[in-house]
J.: 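Quick one: the structure is below, questions incoming.
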Amino acid sequence: MEEKTRRRKDDSNSDNSGKVTLKKEIGLLSACAIIIGNIIGSGIFISPKGVLEHAGSVGLSLIVWVCGGGICALGSLCYAELGVTIPKSGGDYSYVTEIFGGLVGFLLLWSAVLIMYPTTLAVIALTFSNYVLQPAFQNCVPPFIAIKLLAAICVLFLTWVNCSSVRWATRIQDIFTVGKLLALALIIVVGLVQIFRGHYDALVPSVAFEFQQDSSVGQIALAFLQASFAYSGWNFLNYVTEEVVEPRKNLPRAIYISIPLVTLVYTMTNIAYFSSMTPEELLASNAVAVTFGEKLLGMFSWVMPISVALSTFGGINGYLFTSSRLCFSGAREGHLPYLLAMIHLKNCTPIPALLVCVSTALLYPIFSPENKTHNLINYVSFINYLSYGVTIAGLLYLRKTRPNLARPIRVSLLVPISYLVFWAVLLGFSLYSEPVVCGLGMVIMLTGVPVYFVGVQWKEKPKWVYRLVERFTYVGQKLCYVVFPQNDSSETEPLTAKASD
């Protein structure tokens, strides 16, 4: 009986004073699962083709994969410092808003909510449904309408899970993170068996660095953008900092464990691909893992599309979990409607923010054309890297303007400077090589400037506007059964106080 009573108290997440707060249920294991689960999604099954296409050779593509992980490690170290110095949910957006002010933070939020996360979520969902339907359409391509429908069903189901319980969402993330690691382990083991049997012609240095096309710095930069899509998600734990148990300890520990593990897995997976496929076969394949399974697994080739589907299923859950917290943080700062800053009275989940995320994500499968994935990856990756660079530049600016701020983690200045040098070179050459795709990302981000001044800065709006917003908020509260959460200052106050000299 006591156990049941305790569970009811935990579920309501109300203390003796009746406070309703975000639940701190993310321990070290779940924190690692969030990082690994968000990184390993559809990227490792889509990006190898794009990386090889732009790199021009097997050897250079493998170097890009290793260096891509190294760059993520540098960035994650910077984010670890920012995460414990500014312990707010919302990741990049919260840090940039705190450091540079509302306009810069809003532009990052605008591009993320409007383009970056909805399109990425849609790509992962479409990849999931494509791999699930592949065994049923062995001799032809699955109908695109069926792919879209299944993708929508998957996203809606996981939205319901995330609305119902934080614990359910994190458990799904834990389970499917293990599943996707097992799927990649299968690819790696089969690839190593091939290598031990002597099938490594494409990996011999004299052959691996034979360029299929003329390579340039711009093309290599685009190869890094393709790889960065597979690595995207390394900063997502920072979006849920307020729900992490002991974030000062578990945030950096999760980063130190997860990033090297993913880099190793990605590199070994690509080596496995090249042990069974020629560069020409990999470039001709629309589903690299399926082609790999058909060549090596025989009658058990069906295992591969199912494994990839499980991997992407976990990726969808992770993106929903973290991107909804970005909307939540933006609304709390007054940059989005206040309704999105509310959480369910009993489940303590940000239901309005989740509904906005799923609504924008579902628009892409409805209107998206076929076979445009690689352009979309370049487009989204460019905006991603732009956000990362601005955030890490903020770390240097914060060091200069607030040197006495308490920093439980303090990285060497060489780390952010090295990252920013690479960042500037990558974005510069990417913009030169793909001016339309990358330039469009910058244009969409800048369209947020007038929206910010009209929606946020303009305080003397007509009264009917405020009445309309109040009515909308009231109806939303009644429908979603949500209230404003109470802030838990136990974690934030000691970290943002000035260090005593």
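We're numbering straight along the sequence, starting at 1. We use all heavy atoms of the structure for the numbers below, so side chains are in, but hydrogens, waters and symmetry mates are not.
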J.: Go through it in stages, so that I can follow the logic: the residues are L222 and Q226, the test is side-chain contact (heavy atoms from CB on, under 4.5 Å), and I'd like the CA-CA distance, side-chain angles, deciding distance and then a yes or no.
T.: CA-CA 6 Å; L222 292 176; Q226 290 285 328; 5.8 Å; no
J.: Taking the side chain from S111 and the backbone from M445, do they hold a donor-acceptor pair closer than 3.5 Å?
T.: no
J.: Quick one: sort the F106 and H335 rings into parallel, tilted or perpendicular, breaks at 30° and 60°.
T.: perpendicular
J.: Please answer whether the main-chain N or O of W168 pairs with a side-chain N or O of S165 as donor and acceptor at a distance below 3.5 Å.
T.: yes
J.: Is there a donor-acceptor contact under 3.5 Å linking the side chains of N347 and S164?
T.: no
J.: Atom CD1 of I147 and atom CG of N130: how far apart are they, to the nearest 0.5 Å?
T.: 4.0 Å
J.: With side-chain contact (heavy atoms from CB on, under 4.5 Å) as the test, would you mind laying out the steps for S329 and Y93 before giving the verdict?
T.: CA-CA 8 Å; S329 299; Y93 161 73; 4.2 Å; yes
J.: Indicate yes or no for a side-chain donor-acceptor contact from S258 to the backbone of I255 under 3.5 Å, with no hydrogens or angles considered.
T.: no
J.: Quick one: pull up NZ in K295 and OH in Y273 and give me the separation to the nearest 0.5 Å.
T.: 14.0 Å
J.: Test your reading of the model: is there a side-chain donor-acceptor pair from S76 to the backbone of A73, 3.5 Å cut-off?
T.: yes
J.: At what distance, to the nearest 0.5 angstrom, does CG of N162 lie from OG of S324?
T.: 6.5 Å
J.: P118 versus Y319: any side-chain heavy-atom pair under 4.5 Å?
T.: no
J.: Within the distance-only criterion (no hydrogens, no angle test), does the side chain of T278 pair as donor or acceptor with the backbone N or O of E281 below 3.5 angstrom?
T.: yes
J.: Roughly how far apart are S129 OG and I153 CD1, rounded to 0.5 Å?
T.: 10.0 Å
J.: More than 12 foreign heavy atoms under 6.0 Å from OH of Y452: is that the case here?
T.: yes
J.: Got a second to check how far C72's SG is from I39's CD1, nearest 0.5 Å?
T.: 6.5 Å
J.: Indicate yes or no: at least one non-hydrogen side-chain atom of V288 is less than 4.5 angstrom from one of M277.
T.: yes
J.: For the residue pair I392 and W423, establish whether any side-chain heavy-atom pair is separated by less than 4.5 Å.
T.: no
J.: Would you sort out whether F292 and V190 count as a side-chain contact (heavy atoms from CB on, under 4.5 Å), showing the intermediate values?
T.: CA-CA 10 Å; F292 178 87; V190 172; 3.9 Å; yes
J.: Can you tell me how far SG of C327 sits from CG of L340, rounded to the nearest 0.5 angstrom?
T.: 6.0 Å
J.: Checking ring pair (Phe, Tyr, Trp, His ring centres under 6.0 Å) between Y266 and each of F229, W65, F45, which is the one that passes?
T.: W65
J.: Kindly say whether S276 contributes a backbone atom to a donor-acceptor pair with the side chain of Q194 at under 3.5 angstrom?
T.: no
J.: Side-chain contact test, heavy atoms from C-beta onward, threshold under 4.5 Å: evaluate it for P485 versus R332 and give yes or no.
T.: no
J.: Among side-chain atoms of Y79 and D92, is any donor-acceptor pair under 3.5 angstrom?
T.: yes
J.: Closer than 3.5 angstrom, by distance alone: can the side chain of N317 be matched with the main-chain N or O of A169 as a donor-acceptor pair?
T.: yes
J.: Is the closest side-chain heavy-atom distance between L156 and L362 below 4.5 Å?
T.: yes
J.: Do T267 side-chain atoms and L264 backbone N/O form a donor-acceptor pair below 3.5 Å?
T.: no
J.: Any donor and acceptor pair, going by atom type alone, linking the side chain of T119 with main-chain N or O of M116 inside 3.5 Å?
T.: yes
J.: Identify which one of F422, Y231, W234, Y419 satisfies the ring pair (Phe, Tyr, Trp, His ring centres under 6.0 Å) criterion when paired with Y388.
T.: W234
J.: Could you go step by step and tell me if E280 and L283 meet the side-chain contact (heavy atoms from CB on, under 4.5 Å) rule?
T.: CA-CA 5 Å; E280 293 76 16; L283 290 173; 5.9 Å; no
J.: Over 60° means perpendicular and under 30° means parallel, so classify the ring planes of F313 and F176, tilted if in between.
T.: tilted
J.: Does the W110 side chain pair with the main chain of V451, one donor and one acceptor, at a distance under 3.5 Å?
T.: no
